[in-house]
**Q** 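Pasting in a structure now, in structure tokens, and then I'll have a few things to ask.
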Amino acid sequence: MKVMLGISGGVDSSVAALLLQQAGHEVEGLFMQNWEEDDRTGPCTTDADRKDAVAVCGRLGIPFHARNFAAAYWDGVFEHFLAEYRAGRTPNPDVLCNREIKFKTFLEEALTLGAEKIATGHYARADSIDGQYRLLRAIDATKDQSYFLHALGQQQLAATLFPVGEIEKSRVRELAREAALPTHAKKDSTGICFIGERDFREFLSQYIPSRPGEMRTPDGQLIGEHQGVMYYTLGQRNGLGIGGRHGAGGEAWYVVGKDVGANVLYVAQGGENRWLHSQHLRTEIPHWIAGHAPATLFRCTAKTRYRQHDQACEVTVHENRVEVRFDEPQRAVTPGQSVVFYDGEVCLGGAIIAATDAPFGGMSPNENEREQVNRV
């Protein structure tokens, strides 16, 4: 079939193109530019990545296309990114970028160009049982990216191939070398392109001006000044500027809470302090890959951040939210991030975290008690 590959200029999408070609598909590459570089954002690798993508297509003898999706990215991803930070939350733009750009804008463009399916270099898998599509973890568990793809639905999965999700990362490198692909030794990209190698706080300050305020302990002791609560995230240790304090002991300080209205940042000592832990969270409207929840009450495992190991939990599904109660307390569960649910190898879906029962998590004691009563 004719497959349009989202070719990024990295080794993963390069090998994805190779595998698709070896499988007998008619492959074309489409390079997406999602950000307009300017003096404020500093260096970005877009130009270099585009050249590498062109070189890979040339090596494999497949057509190359390029499209500028920067306007769609700004409207569909970046404005939400800024709004979340202004509200004191910590968003995950990769999840939204996949939903709004790579599996919507790009998919639409690929179909316009005559493709029957699209493909990407993501480490994930998809299959179907009786016409129902499932998102599965990648074979290489250390590279699995299903967490970032949990907002996809049946239509997107039906139209998508994930070639490298079926093999180990080490084999991807081997295949790239064997095929003499120009990206075989290229370093893996990390983070978000529009931030690049710059300091994150410096980047964010170009769009959200600093607003200094008080830095206090949970019991109200004033210990310093912050540059703006939106620049910090729960569990953060570095960049607080708190030196040794008389009588405070030698443990490091961590961000444990934010009061956006009062412009106060709360910090406490010790990476495992009680202020950072929660066992219950509430979400915004969930997304289920199957189109519906497995049940109104079910057990599964979940992750509240990408690199986290699976955590056992119980999920209660409501009309416009879910309540998640973990078997064990969780550290630094952060509103704005995603909780993603799994049944073994199958990704069920996920939702944005709205509040937790941590002391500064935003969930009222009455709300927590009410949920426990409902479960009983």
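Keep in mind that what you see is a predicted model, and the values were worked out from it rather than measured.
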**Q** Under 6.0 Å between the ring centres of Tyr207 and Tyr85?
**A**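 No, they do not, as the ring centres are separated by 6.0 Å or more.
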**Q** Determine, for Glu109 against Arg67, whether the closest basic-nitrogen to carboxylate-oxygen distance falls under 4.0 angstrom.
**A**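 Yes.
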**Q** Validate the cation-pi geometry between Arg137 and Tyr342: distance from NZ or CZ to the six-membered ring centre under 6.0 Å, angle to the ring axis within 45°.
**A**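 Yes, Arg137 sits over the ring of Tyr342.
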**Q** Salt bridge check: are Asp188 and Lys143 linked by an N-O gap of less than 4.0 Å?
**A**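 Yes, charged N to carboxylate O under 4.0 Å.
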**Q** Verify, without hydrogens or angle tests, whether Lys258 (side chain) and Gly88 (backbone) share a donor-acceptor contact under 3.5 angstrom.
**A**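 Yes, the answer is positive, given that a donor and an acceptor are paired below the 3.5 Å cut-off.
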**Q** What I want to find out is whether Arg237 reaches Glu251 closely enough, with some N-O distance under 4.0 Å, to be called a salt bridge.
**A**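 So Arg237 does not pair with Glu251 through a salt bridge.
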**Q** Got a salt bridge between Glu345 and Arg134, using NZ or NE/NH1/NH2 to carboxylate O under 4.0 Å?
**A**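 Salt bridge: no.
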**Q** Tell me if the centroids of the rings in Phe69 and Phe106 come within less than 6.0 Å of each other.
**A**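 No, the ring centres sit 6.0 Å or more apart.
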**Q** Any salt bridge linking Asp49 with Lys186? Criterion: basic side-chain nitrogen under 4.0 Å from a carboxylate oxygen.
**A**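 Salt bridge flag = yes for Lys186 with Asp49.
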**Q** Any cation-pi pair here, Lys169 with Tyr123, using under 6.0 Å and within 45°?
**A**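 Not satisfied by the 6.0 Å and 45° rule.
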**Q** Are Arg331 and Glu272 ion-paired here, with the side-chain N under 4.0 Å from a carboxylate O?
**A**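 Salt bridge present between Arg331 and Glu272.
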**Q** Could you list who else is in Leu276's hydrophobic cluster, with ILVMFWY side chains joined at under 4.5 Å, directly or through other members?
**A**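 Members other than Leu276 - counting any ILVMFWY side chain reachable under 4.5 Å - are Tyr254, Val256, Val264, Tyr266, Trp275, Phe360.
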**Q** Sequence neighbours excluded and cut-off under 3.5 Å, please list the side-chain donor-acceptor pairs for residues 333-340, or say none.
**A**
from	atom 1	to	atom 2	distance (Å)
Thr334	OG1	Ala332	O	2.9
Gln337	NE2	Thr90	O	2.8
Gln337	NE2	Pro91	O	3.2

**Q** Test side chain to side chain donor-acceptor pair (under 3.5 Å) on Glu26 and Gln21; report intermediate values, then the result.
**A** CA-CA 7 Å; Glu26 179 187 348; Gln21 192 178 57; over 6 Å; no
**Q** Thinking salt bridges, do Arg171 and Glu178 make one under a 4.0 Å N-O criterion?
**A**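 Yes, Arg171 and Glu178 are salt-bridged.
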**Q** What I want to find out is whether Glu84 reaches Arg86 closely enough, with some N-O distance under 4.0 Å, to be called a salt bridge.
**A**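 Salt bridge: no.
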